[in-house]
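Letters A, B, ... mirror the listed sequences (proteins, then strands); counts begin at 1. This structure is a prediction, so every number in the text was calculated from the model and none was measured.
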Amino acid sequence: MSTGTTKLDVVVSDVVPVNELVTRFHFRRRDGELLPTFSGGAHVVVEMRDGNRTRLNPYSLMGSPLDTREYTISVRRDDIGRGGSLFMHRSVHAGLEMVISYPVNLFSLDLRAKKHLMLAGGIGITPFMAQTAQLAGSGGNFELHYTCRTASLGTYADLLQQRYGRRVRLYHDDRNERVDLDRLLSSQPLGTHLYVCGPAGMINWVRDRAAVLGWPSETVHFEHFAAPQPGAPFDVTLAVSGKTIRVGEQQSLLEAIEAAGVDPPYLCRGGVCGQCETNVISYDGKFIHNDHWLSEEDHRSGCKIMPCVSRFEGKSLVLER
Amino acid sequence: MAAKTIISRPVYGTLSPQPGKHHLFVADAEGALAIIDMAGKAPDGFFDGAEIVFIAGPEGKHIAALEALKPAQLHLPPSFASLLPRLKQTLTNAHMGLRLYLCGTEGLIGQAMQVALEAGIDHTSIETEHRGSLARRMQCVHCKGITENVTTQPALCSHCGLLLLVRDHYSRRLAAFQGVCINAEDRSEIPPMEEIFR
């Protein structure tokens with residue numbers, strides 16, 4: 001059993017198209033019981049049985065943490081991705097029995113904050129759906145700034161404005177509306193925490209400006225699930241289990257290790273949580289580190305790899321798995 | 001510098017200039033020297049956005065050296081009690097981007113941090129540097145009275161008079177070390193009192 005990934009047997013109770021790119025999925029427990037409690041920002045890993053291949057994708061829970069009769073996730077279709085979101089859009093229908101992980105929260109609210117400032121880009125809105133519901137339920141002070149490409153792709157923007165009024169501010173790319181970030185960050189009262197979820201470029205921009213403007217790193221929270229990048233196939237020897245495996249072009253190293261029957265721990269499958277960190281025993285070649293977990297020093301040392309998102313090019317690689 | 005003994009015992013660092021627009025220094029005694037040492041590493045114009053609050057003590061040492069840094073403001077209150085309302089006011093009106101630097105005695109660092117925590121600043125994001133006396137601010141766990149400037153082990157509670165073992169167990173909420181009765185079983189047992197927190 002992988003650490004923290006105890007499984008839940010669920011049935012898809014509803015599938016709701018939201019706009020041209022996003023579809024919402026509702027899950028209930030097959031035994032009719034309540035689902036486990038979670039907190040705003042949590043995600044689940046959804047197991048997809050796609051033919052003889054199992055896909056495991058993390059999605060943020062977007063329902064209110066105050067209601068655990070069902071879990072809801074929203075999936076943005078990625079036509080050029082590795083196929084997980086396409087599988088969800090094409091093959092998942094109401095009544096389908098699925099397996100999901102227990103919720104894990106790597107993007108939780110810091111409830112010591114006096115105020116919560118949230119910045120969302122595109123589908124990055126989903127964890128904030130749960131976080132705002134949680135804060136609204138407890139009288140928390142928050143403000144949400146939400147950037148989307150067009151009004152029709154402003155997933156749940158109407159709902160959020162209806163629920164929270166002026167606490168939600170929208171920015172549409174097609175109308176050339178921009179967040180005046182420096183002004184926004186500089187006008188926040190002491191004790192504010194910042195949360196950002198969206199494309200990598202947005203996260204980097206916000207983190208950089210916050211740091212320059214004197215926000216301590218402890219007050220800046222971000223979530224970015226990097227999908228594993230494809231690349232040239234490579235061979236890996238797993239020293240502990242005594243197996244030699246091939247990692248395919250579209251497969252992540254973690255997926256290849258799992259397909260070989262080894263069950264390493266994982267939580268996020270996106271290079272941020274650190275659970276699947278693996279020691280390198282020997283290598284002859286070059287690492288392609290795509291994670292946000294290891295330090296630059298770790299990356300240079302060649303002693304560690306995050307198999308969920310990172311790859312390798314070269315003659316040989318031996319891992320302690 | 002204080003060594004780490006148990007997990008709650010605060011450990012202090014060396015001040016380093018942080019990015020940000022506003023810098024608030026709260027210092028007493030030899031803490032002024034920590035600011036002056038840090039100034040050598042600070043970028044040009046750093047003190048244009050800095051306010052220094054300095055409790056100089058009776059001899060008024062180091063004031064001229066702090067003036068020479070040309071901070072935006074230099075405030076010289078006579079005691080921590082007298083700077084408290086102003087510190088609270090400053091933090092209440094402050095915005096994110098203000099960085100806090102605390103330096104000098106442990107009592108000052110702890111009490112200023114206590115105010116900062118209430119204002120919503122995380123203790124890990126405060127720059128601290130300990131200079132000068134190791135005298136402790138101690139809470140008697142029996143009567144809850146606070147005794148300032150404790151330098152001996154054991155120490156007398158200035159409120160209830162019990163003889164207390166000064167522990168390294170520190171309360172960030174109270175900004176005080178915990179003092180526990182050292183001879184609760186037999187009051188006639190009086191261990192020798194030594195000056196150790198100089």
Side-chain angles (χ1 to χ4, degrees), chain A residues 41 106-120 131 134-135 138-145 167 169 179-197 202-222 295, chain B residues 10-13 15-26 38 41-51 53 71-72 84-102 112-128 171-173:
Chain A
L106 303 173
F107 188 53
S108 55
L109 293 166
D110 189 325
L111 295 174
R112 296 170 302 178
K114 302 268 183 201
K115 179 180 173 184
H116 306 270
L117 176 67
M118 303 166 174
L119 291 174
Q131 291 189 340
Q134 180 182 335
L135 287 172
S138 59
N141 182 10
F142 69 87
E143 190 177 302
L144 170 67
H145 296 256
R167 287 198 269 183
R169 174 85 194 270
V179 184
D180 187 349
L181 187 61
D182 282 18
R183 200 168 144 214
L184 182 67
L185 294 179
S186 299
S187 61
Q188 297 303 317
L190 208 59
T192 304
H193 277 239
L194 173 65
Y195 305 84
V196 51
C197 184
M202 176 188 181
I203 292 175
N204 293 338
W205 174 55
V206 174
R207 288 179 65 201
D208 284 350
R209 289 318 300 166
V212 168
L213 295 170
W215 286 63
S217 57
E218 298 84 1
T219 61
V220 180
H221 312 269
F222 57 96
S295 65
Chain B
V11 175
Y12 307 99
L15 297 191
S16 73
Q18 299 296 307
K21 291 181 163 181
H22 305 291
H23 306 275
L24 174 60
F25 292 83
V26 181
M38 193 213 80
K41 294 177 280 179
D44 286 348
F46 180 87
F47 284 93
D48 296 348
E51 175 177 352
V53 180
L84 198 56
R86 180 185 165 123
L87 181 60
K88 284 185 175 168
Q89 182 71 13
T90 303
L91 295 177
T92 304
N93 295 332
H95 292 102
M96 292 302 286
L98 173 126
R99 299 303 300 243
L100 187 60
Y101 307 77
L102 307 176
M113 187 177 281
Q114 190 184 22
V115 179
L117 295 179
E118 280 165 25
I121 306 182
D122 191 87
H123 72 96
T124 55
S125 64
I126 300 171
E127 289 281 310
T128 59
S171 163
R172 203 177 286 132
R173 183 175 65 83

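- Only the side chain of A/Thr219 has a heavy atom closer than 4.5 Å to any heavy atom of chain B.
- Counting all heavy atoms, side chain and backbone alike, A/Glu218 lies closest to B/Ser125 at OE1-CB, 3.4 Å.
- For the pair A/Lys114 (side chain) and B/Glu118 (backbone), a donor-acceptor distance under 3.5 Å is present.
- Residue-environment remark: NZ (B/Lys88) stays at or below the threshold of 12 foreign heavy atoms within 6.0 Å.
- The nearest pair of heavy atoms linking B/Lys21 to A/Ser186 is NZ-OG, 3.0 Å.
- Using a 4.5 Å cut-off between heavy atoms, A/Leu185 touches chain B through its backbone atoms (N, CA, C, O) alone.
- Crowding of B/His22 atom NE2: a count of heavy atoms from other residues, nucleotides or ligands under 6.0 Å not exceeding 12.
- The two residues A/Leu190 and B/Ile121 make their nearest non-hydrogen contact at CD2-CD1, 3.6 Å.
- One distance of note links CH2 of A/Trp215 with NE2 of B/His95; it measures 10.5 Å at 0.5 Å rounding.
- Only the backbone of A/Ala211 comes within contact range of chain B, with heavy atoms under 4.5 Å apart.
- The 12-atom threshold is not exceeded at CZ of B/Arg172, counting heavy atoms of other residues, nucleotides or ligands nearer than 6.0 Å.
- Between B/Met96 and A/Thr192, the shortest heavy-atom contact is CE-O, 3.3 Å.
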